[in-house]
**Student:** 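Mind having a look at this structure? Questions to follow.
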Amino acid sequence: MKTMSSLFGVAMAVAVTLPVHAQFAKPEDAVKYRKASFTVMAAHFGRLGAMANGRTPYDAKMAAENADVVLTLSKLPWAAFGEGTDKGDTRAKPEIWKEAAKYKDAADKMQAEIGKLNVAAKSGNIDALKAAFGPAAASCKACHDNFRKD
Ligand code: ASC
């Protein structure tokens, strides 16, 4: 048992010190992971949009919860764009790797807007949510326009 727990400790230490891309066994796993993270992010972002646009009733607690999920998810996909992940079942354009600095700027911009959206959602003020939602959605779209096929 003692050996097991120290082995686990070693495994954990390796896991946290390895570069993140090394945490995917295969490029296909990284592609699946990033698509899944965007999918879940979009679901929760869409719930915020529905409230911001009046399609569903405003609920401050739900807004805050959804915004927290979106904020967490917004940090995840980027580590899954490593080497060899430009192929396979993906709509990612080659520009992501060819114009890596531009892609990083767009990803950073999105995360900044999602940060503001989170603050707005936590304010409990529907007008703040409405004001922050548009720029956040635009930051999603900017990336889709430049870096995603169709
Ligand atoms: C959404 C969603 C996106 C963005 C984008 C904004 O609700 O799923 O990817 O907004 O469509 O233009």
Side-chain angles (χ1 to χ4, degrees), residues 11-150:
M12 285 305 292
V14 170
V16 296
T17 52
L18 279 175
V20 177
H21 63 82
Q23 293 179 15
F24 299 105
K26 307 187 291 285
E28 306 91 89
D29 294 347
V31 171
K32 250 195 240 173
Y33 173 96
R34 75 190 182 215
K35 287 167 73 175
S37 59
F38 281 125
T39 299
V40 177
M41 185 173 10
H44 292 268
F45 187 72
R47 291 173 200 173
L48 288 169
M51 280 188 237
N53 296 319
R55 291 195 307 277
T56 57
Y58 176 62
D59 178 322
K61 186 168 175 284
M62 277 186 41
E65 284 173 6
N66 281 303
D68 273 344
V69 176
V70 172
L71 183 63
T72 299
L73 270 290
S74 73
K75 299 171 189 168
L76 302 183
W78 320 114
F81 283 91
E83 220 183 304
T85 67
D86 55 335
K87 298 178 276 292
D89 188 13
T90 177
R91 285 186 287 168
K93 280 190 182 171
E95 282 75 10
I96 290 173
W97 295 273
K98 282 193 224 143
E99 299 169 22
K102 195 177 153 200
Y103 186 62
K104 187 179 186 305
D105 281 349
D108 288 350
K109 167 85 176 146
M110 185 273 257
Q111 289 171 86
E113 294 301 341
I114 295 302
K116 291 183 208 167
L117 181 65
N118 189 272
V119 172
K122 301 253 168 90
S123 74
N125 180 337
I126 176 75
D127 292 324
L129 182 67
K130 283 182 182 172
F133 186 78
S139 74
C140 301
K141 187 172 184 299
C143 239
H144 298 167
D145 290 349
N146 292 321
F147 297 105
R148 191 179 76 175
K149 290 174 201 159
D150 55 63

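We count ligands from 1, going down the list as the structure has it; atoms in each ligand are counted the same way.
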**Student:** At a 4.0 Å threshold, what atoms of ligand 1 neighbour a non-hydrogen atom of Phe45?
**Tutor:** 1 (C), 7 (O), 10 (O)
**Student:** How close do Ala52 and Phe133 get, heavy atom to heavy atom, and via which atoms?
**Tutor:**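 The answer is CB-CB, 3.9 Å.
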**Student:** Within a distance of under 4.0 Å, is there any protein heavy atom near atom 11 (O) of ligand 1?
**Tutor:** no
**Student:** Check Asn118 against Ala67 and note the closest heavy-atom contact, atom names and distance.
**Tutor:** ND2-O, 3.1 Å
**Student:** Give a yes or no on whether Lys149 atom NZ has more than 12 heavy-atom contacts from other residues, nucleotides or ligands under 6.0 Å away.
**Tutor:**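 Yes.
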**Student:** Provide the closest heavy-atom pair for Pro135 versus Glu113 in the form atom of the first, atom of the second, distance.
**Tutor:** CB-OE1, 3.5 Å
**Student:** Can you list the atoms of ligand 1 that are under 4.0 Å from a heavy atom of Cys140?
**Tutor:**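 Those qualifying, in numeric order: 4 (C), 5 (C).
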**Student:** Return the residue, atom name and 0.1 Å-rounded distance of the protein heavy atom closest to atom 6 (C) of ligand 1.
**Tutor:** Ala137 O, 3.2 Å
**Student:** Need the ligand 1 atom indices (1-based, order shown) with element for anything under 4.0 Å from a heavy-atom of Lys141.
**Tutor:** 12 (O)
**Student:** Specify the closest pair of heavy atoms between Phe24 and Ala79, including all atoms of both residues, with the distance to one decimal.
**Tutor:** CE1-O, 3.8 Å
**Student:** Are Asp89 and Lys32 close enough for a salt bridge, meaning some N to O gap below 4.0 Å?
**Tutor:** no
**Student:** Can you tell me the protein heavy atom closest to atom 8 (O) of ligand 1 and the distance?
**Tutor:**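 Here the nearest protein heavy atom works out to Ala42 CB, 3.3 Å.
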**Student:** Show me which atoms of ligand 1 lie under 4.0 Å from any heavy atom of His144.
**Tutor:** 9 (O)
